[in-house]
Amino acid sequence: MKRRWIGGFVFAVIAIILVSCGEQGATGQVESLSPDEMKETIANNDDVYVLVTDSSEEEERQEYIDLVEENIENDTVYEINAQDSEILENEMQLSEIGLEGTQLFQSLSYYKNGELQKRISLRTQKYESLDDRKKAVSQFINESS
């Protein structure tokens, strides 16, 4: 009887652990970089995801970071805030960092061999609902990987 109780307990613990792991979702991360680090990352990596935020308010910036982290699997996405003091003080253009194209702010881009391949806007007004935005980000990452 004691063995059954222990076996049942062990099974319950394993089931809880597996359910918890399933609820964690994506395991990728967003790493914030300085302008010099971003320039080097884009130039020296074959495949790079870049999140460009443009916010002096941390809460708004974190919303975009969280959105991307929820949808990436194993990749690292590199983030740069266009309101970074180094960018503003040096009157730096994002093109000087290696970022190309239009509609950079609040966007997720995919670069291959230093060249822009695809970009998606993360602005809420571009989508009918927050769920639509999440689906679009997920689809963008799945199609780019």
Side-chain angles (χ1 to χ4, degrees), residues 6-145:
I6 292 173
F9 179 74
V10 169
F11 177 76
V13 169
I14 290 172
I16 291 170
I17 291 170
L18 291 174
V19 168
S20 297
C21 289
E23 290 177 351
Q24 286 180 350
T27 57
Q29 67 179 5
V30 173
E31 182 180 335
S32 296
L33 299 180
S34 70
D36 289 337
E37 291 169 326
M38 182 63 76
K39 185 175 185 175
E40 185 176 317
T41 298
I42 291 172
N44 295 330
N45 289 291
D46 294 336
D47 299 302
V48 179
Y49 287 100
V50 176
L51 170 64
V52 179
T53 57
D54 180 33
S55 179
S56 55
E57 292 186 32
E58 185 60 30
E59 186 176 305
E60 182 181 349
R61 182 174 160 254
Q62 192 62 47
E63 175 190 334
Y64 291 109
I65 291 171
D66 291 344
L67 171 66
V68 172
E69 282 184 336
E70 289 171 6
N71 288 287
I72 57 177
E73 295 285 329
N74 299 314
D75 297 309
T76 297
V77 174
Y78 300 98
E79 182 258 352
I80 190 156
N81 186 354
Q83 294 295 321
D84 181 272
S85 59
E86 189 176 340
I87 293 173
L88 296 176
E89 290 170 8
N90 294 315
E91 297 180 5
M92 192 178 282
Q93 299 296 315
L94 292 177
S95 60
E96 296 173 53
I97 300 168
L99 300 173
E100 304 174 18
T102 60
Q103 300 180 355
L104 276 165
F105 304 127
Q106 279 69 271
S107 70
L108 179 62
S109 302
Y110 173 68
Y111 287 82
K112 187 167 185 73
N113 299 319
E115 293 186 25
L116 176 65
Q117 301 298 306
K118 295 173 75 172
R119 174 168 292 136
I120 185 172
S121 173
L122 302 179
R123 295 175 189 238
T124 54
Q125 59 268 34
K126 296 276 184 177
Y127 304 95
E128 289 186 27
S129 70
L130 293 177
D131 193 46
D132 287 345
R133 182 172 75 161
K134 285 180 182 180
K135 287 177 185 173
V137 170
S138 180
Q139 182 178 355
F140 175 85
I141 292 171
N142 288 336
E143 290 175 356
S144 302
S145 335

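Tyr111 and Arg119 form a side-chain donor-acceptor contact under 3.5 Å, judged by distance and modelled atom types alone. A side-chain donor-acceptor contact under 3.5 Å links Thr53 and Glu79.
To the nearest 0.5 Å, atom CZ of residue Arg133 and atom OG of residue Ser138 are 13.5 Å apart. Going from atom CG of Leu108 over to atom CD1 of Ile141 covers 5.5 Å, rounded to the nearest 0.5 Å. Rounding to the nearest 0.5 Å gives a distance of 9.5 Å between CG of Leu51 and CG of Asn81. The CG atom of Asp36 sits 10.5 Å away from the CD atom of Glu96 when rounded to the nearest 0.5 Å. In this structure, CD in Glu59 is found 10.5 Å from CG in Asp66, a value given to the nearest 0.5 Å. One distance of note links CG of Asp84 with OG of Ser56; it measures 12.0 Å at 0.5 Å rounding.
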May I have the step-by-step check of side-chain contact (heavy atoms from CB on, under 4.5 Å) for Ile97 and Ile87, ending in yes or no?
-> CA-CA 10 Å; Ile97 300 168; Ile87 293 173; 4.1 Å; yes

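Looking at Gln103, its side chain never comes within 3.5 Å of a backbone N or O of Gly101 through a donor-acceptor pair. Between the side chain of Asp54 and the backbone N or O of Gln106, no donor-acceptor pair lies under 3.5 Å. With Ser107 contributing its side chain and Leu104 its backbone, the two residues share a donor-acceptor pair below 3.5 Å.
Atom CD of Gln125 is surrounded by more than 12 heavy atoms from other residues, nucleotides or ligands within 6.0 Å. For Lys134, the NZ atom sits in a loose shell: 12 or fewer heavy atoms of surrounding residues, nucleotides or ligands are nearer than 6.0 Å. A 6.0 Å sphere centred on CD of Glu143 holds more than 12 heavy atoms belonging to other residues, nucleotides or ligands. Around CD of Glu91, the count of heavy atoms belonging to other residues, nucleotides or ligands within 6.0 Å does not exceed 12. Within 6.0 Å of CD in Glu60 there are more than 12 heavy atoms belonging to other residues, nucleotides or ligands.
A perpendicular orientation is assigned to the rings of Phe140 and Tyr49, their planes being inclined by more than 60° (bins at 30° and 60°).
The shortest side-chain heavy-atom distance between Thr124 and Glu63 falls under the 4.5 Å cut-off. Looking at heavy atoms from C-beta onward, Ile80 lies in side-chain contact with Pro35 at the 4.5 angstrom threshold. With contacts defined as side-chain heavy-atom distances shorter than 4.5 Å, the pair Glu115/Glu100 qualifies. Looking at heavy atoms from C-beta onward, Val68 lies in side-chain contact with Leu122 at the 4.5 angstrom threshold. Looking at heavy atoms from C-beta onward, Leu94 lies in side-chain contact with Phe105 at the 4.5 angstrom threshold.
Taking a cutoff of 4.0 Å between a charged side-chain nitrogen and a carboxylate oxygen, Glu86 and Lys39 do not qualify as a salt bridge.
Pairing each heavy atom of Asp75 with each of Ile72, the nearest pair is O-CD1, 3.4 Å. Across all non-hydrogen atoms, the minimal contact from Leu116 to Ser109 is CD1-CB, 3.8 Å. In terms of heavy-atom proximity, Val48 sits nearest to Ile42 at CG2-CA, 4.3 Å. Contact record, Ile120 with Ala136: CD1-O, 3.5 Å, taken as the closest heavy-atom pair. Taking both residues in full, the closest heavy atoms of Glu57 and Ser55 are given as O-OG, 2.8 Å, listed atom of the first, atom of the second, then distance.
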